[in-house]
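Please read the structure below before turning to the comments.
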There are 2 protein chains.
Amino acid sequence: MTRSASTPTGIRPSRRPVTRSHDAPTVSPDDLLKLDQQVCFALAVAARNVIGLYRPVLEPLGLTHPQYLVMLALWERSPLTVREIGRLISLEPATLSPLLKRLEAAGLVTRDRHPDDERALAITLTERGRRLREQALEVPPQIVERLGLRIEDLEALHGSLTRVIAATTPAD
Amino acid sequence: MTRSASTPTGIRPSRRPVTRSHDAPTVSPDDLLKLDQQVCFALAVAARNVIGLYRPVLEPLGLTHPQYLVMLALWERSPLTVREIGRLISLEPATLSPLLKRLEAAGLVTRDRHPDDERALAITLTERGRRLREQALEVPPQIVERLGLRIEDLEALHGSLTRVIAATTPAD
DNA sequence: CACTAACAGTTAGTGCACTAACTATCTGGA
DNA sequence: TCCAGATAGTTAGTGCACTAACTGTTAGTG
């Protein structure tokens, strides 16, 4: 009980930051810290919640969310190497390796050695994997409905996230 | 090779959605699907990338990102039950249980039975856990610097994420 | 008072997600 | 030609994150 609770709801809940960085040259460093704490927290929670929203929708397709992302990539272009998929969806080969084996076990992809480069794998959609796309078309509208956000909000979110990805992906 | 690749970069890369839902009453359902695919993808990648940004910064503190979120909650209010922490950062008790044992093993918290309710645990900061807060104050500015985003962008992101959390958290 | 509901937390099992260490293949010179 | 270094993927080990099934405690109800 050393530090008394500042709010009942917990982590900096309703402290709306005032946007005035253009008239005030220096933002209070204290506010900056708090804002960022909220952003890291909000990003993690929002991602978990939204992925949780996908779970029941993807379940009839027999896919998890990362598996769904891999399938989206393959529906765009079918023979891809592990490395290429990893670059597209920002995942390490070590993460994809077992995931792709599960997709193979489910009969959605094949994992064959690339003819030009025996090191690489050619991940190819099977007929079954290609057909699954039809069912997957039903997924996005269900998610949008469950999310219950307006298109403008979705677009604003997407814009912000794109900036974050642009700022974080190339540097690493 | 049934579907030829629409773009070399993969998942709907630069298809900026046109915001005209107020003059056109019906948005093309096809565009809607694509936008959403981008949002789910962008959210997952952005969260992974940003958490990855925290990794090296939190490493000297001996914390992982979810552990950091738990500590943030405890720095706000110290004796909390497992359930309360879970509500604050949207995690299942089953996820927190081993995590809290690791924090206890690290000497940052204690896990004692709650005096009023023998079912509940009172998770309390130790002196060491309380002192770690001083080091943690260095974390947010480092992240903001590594992110390299303007404050306005951060605030816009935070606003969008808050709407997502509001839309997803209570409904479930 | 007993007995059932609800509740708090834990355990087991599956599946990401990362780093580090490894095998196998390919490539560019000396 | 041979071989050092880069590259593609796998494996091992740690730590989330979820659901389902479990133990133990509390509280409400007949």
Side-chain angles (χ1 to χ4, degrees), chain A residues 43-59 62-71 79-87 89-106 109 111-123 168 172, chain B residues 43-59 62-71 79-87 89-106 109 111-123 168 172:
Chain A
L43 196 47
V45 171
R48 273 205 308 271
N49 285 0
V50 171
I51 289 173
L53 229 56
Y54 274 85
R55 219 182 308 279
V57 177
L58 291 178
E59 207 240 313
L63 292 177
T64 64
H65 187 261
Q67 287 169 7
Y68 175 67
L69 294 183
V70 169
M71 292 303 285
L80 283 174
T81 69
V82 176
R83 216 97 202 173
E84 286 170 333
I85 295 173
R87 254 189 293 273
I89 65 178
S90 281
L91 282 179
E92 299 295 323
T95 301
L96 287 171
S97 191
L99 189 155
L100 290 169
K101 283 181 183 171
R102 281 186 283 270
L103 287 182
E104 184 187 38
V109 305
R111 295 164 59 254
D112 306 300
R113 238 61 234 203
H114 195 96
D116 298 348
D117 186 343
E118 282 290 320
R119 292 171 301 180
L121 277 188
I123 309 295
T168 51
D172 311 27
Chain B
L43 197 47
V45 171
R48 274 205 308 270
N49 284 0
V50 171
I51 289 173
L53 230 55
Y54 275 85
R55 219 183 307 280
V57 177
L58 291 178
E59 207 240 313
L63 292 177
T64 64
H65 188 260
Q67 289 170 5
Y68 174 67
L69 294 183
V70 169
M71 293 303 285
L80 283 174
T81 68
V82 176
R83 216 97 201 170
E84 286 170 332
I85 296 174
R87 254 189 292 273
I89 65 177
S90 280
L91 281 180
E92 299 296 322
T95 301
L96 287 171
S97 190
L99 188 156
L100 290 169
K101 284 182 183 170
R102 280 186 283 269
L103 287 182
E104 185 188 37
V109 305
R111 294 163 60 253
D112 307 300
R113 236 64 232 198
H114 195 95
D116 298 348
D117 186 342
E118 282 290 321
R119 291 172 301 181
L121 277 188
I123 308 296
T168 52
D172 311 29

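Lettering follows sequence order; numbering is per chain, from 1.
In terms of position on DNA chain C, the residue among B:Pro93 and A:Gln67 whose nearest nucleotide sits closer to the 5' end is B:Pro93. Nearest-nucleotide mapping onto DNA chain C: of A:His114 and B:Arg113, the residue sitting toward the 5' end is B:Arg113.
The side chain of B:Arg102 places an N or O atom within less than 4.0 Å of a non-bridging phosphate oxygen (OP1 or OP2) of D:dC16. Put simply, B:Arg55 has no side-chain N or O that comes within less than 4.0 Å of OP1 or OP2 on C:dC18. For B:Lys101, no side-chain nitrogen or oxygen approaches OP1 or OP2 of D:dG15 to under 4.0 Å. When the side-chain nitrogen and oxygen atoms of B:Arg48 are compared with OP1 and OP2 of C:dA17, one or more of them lie within a distance under 4.0 Å. Using a 4.0 Å cut-off, some side-chain N or O of A:Arg111 falls inside it from OP1 or OP2 of D:dT10.
Residues A:Val45 and A:Arg48 are in side-chain contact: their nearest non-hydrogen atoms beyond the backbone lie under 4.5 Å apart. The shortest distance between side-chain heavy atoms of B:Ile123 and B:Glu84 does not fall below 4.5 Å. Residues B:Ile85 and B:Leu91 have side chains not in contact (no heavy-atom distance under 4.5 Å, counting atoms from C-beta outward). Residues B:Met71 and B:Leu103 are in side-chain contact: their nearest non-hydrogen atoms beyond the backbone lie under 4.5 Å apart.
In this entry the distance linking CG of A:Asp117 with P of C:dT27 reads 6 Å, nearest Å. With rounding to whole Å, B:Ile85 atom CD1 is found 14 Å from C:dA8 atom P. Protein atom CD of A:Glu104 is 14 Å distant from nucleotide atom C1' of D:dG9, rounded to whole Å. A:Ile89 places its CD1 atom 11 Å from the C1' atom of C:dC16, with the value rounded to the nearest Å. Taking atom CG of B:Leu96 as the reference point, atom C1' of D:dT19 lies 15 Å away to the nearest angstrom. Counting to the nearest Å, the C1' atom of D:dA8 and the CG atom of A:Leu80 are 15 Å from each other. Per the geometry, CG belonging to B:Leu103 stands 12 Å off C1' belonging to D:dG15, to the nearest Å. What separates CE of B:Met71 from P of D:dC16 is a distance of 13 Å, to the nearest Å.
Between the side chain of A:Arg119 and the base of C:dC26, no donor-acceptor pair of N or O atoms lies under 3.5 Å.
Closest contact between the side chain of B:Thr95 and the listed nucleotides C:dG15, D:dA17, C:dC26 involves D:dA17. Across D:dC16, C:dC26, C:dT19, the shortest atom-to-atom separation from the side chain of A:Glu92 is found for C:dT19. Taking the side chain of B:Leu121 as heavy atoms from C-beta on, and the options C:dT10, D:dG9, D:dC16, the nearest nucleotide is C:dT10. Considering only side-chain atoms of B:Ala94, the nucleotide from D:dA17, C:dG9, D:dT19 that sits closest is D:dT19. With distances taken from any side-chain atom of B:Thr64 to the nucleotides D:dT26, D:dG15, D:dG9, the minimum falls on D:dG15. In the set D:dT10, D:dA8, D:dT25, the nucleotide with an atom closest to the side chain of A:Ser97 is D:dT10. Closest contact between the side chain of B:Leu91 and the listed nucleotides D:dC18, C:dC18, C:dC16 involves D:dC18.
Ring geometry for B:Tyr54 against B:Tyr68 counts as tilted: the plane angle lies between 30° and 60°, on a 0 to 90° scale.
In this structure, B:Ile51 reaches neither bases nor backbone, as no heavy-atom distance under 4.0 Å exists between it and the strands shown. A:Pro66 comes within contact range of the sugar-phosphate backbone alone, with a heavy-atom separation under 4.0 Å but no base atom that close.
Between the A:Arg113 side chain and the A:Ala122 main chain, no donor and acceptor come within less than 3.5 Å of each other.
Here the straight-line distance linking atom CG of B:Leu69 with atom CG of B:Leu99 works out to 9.5 Å at 0.5 Å rounding.
Annotated as syn: C:dA5, whose glycosidic dihedral is within 90° of 0.
A 3.5 Å limit on both hydrogen-bonding distances identifies D:dG13 as the Watson-Crick or G-U partner of C:dC18. Across all strands shown, the partner of D:dT7 is C:dA24, judged by Watson-Crick or G-U wobble contacts whose two distances both fall under 3.5 Å.
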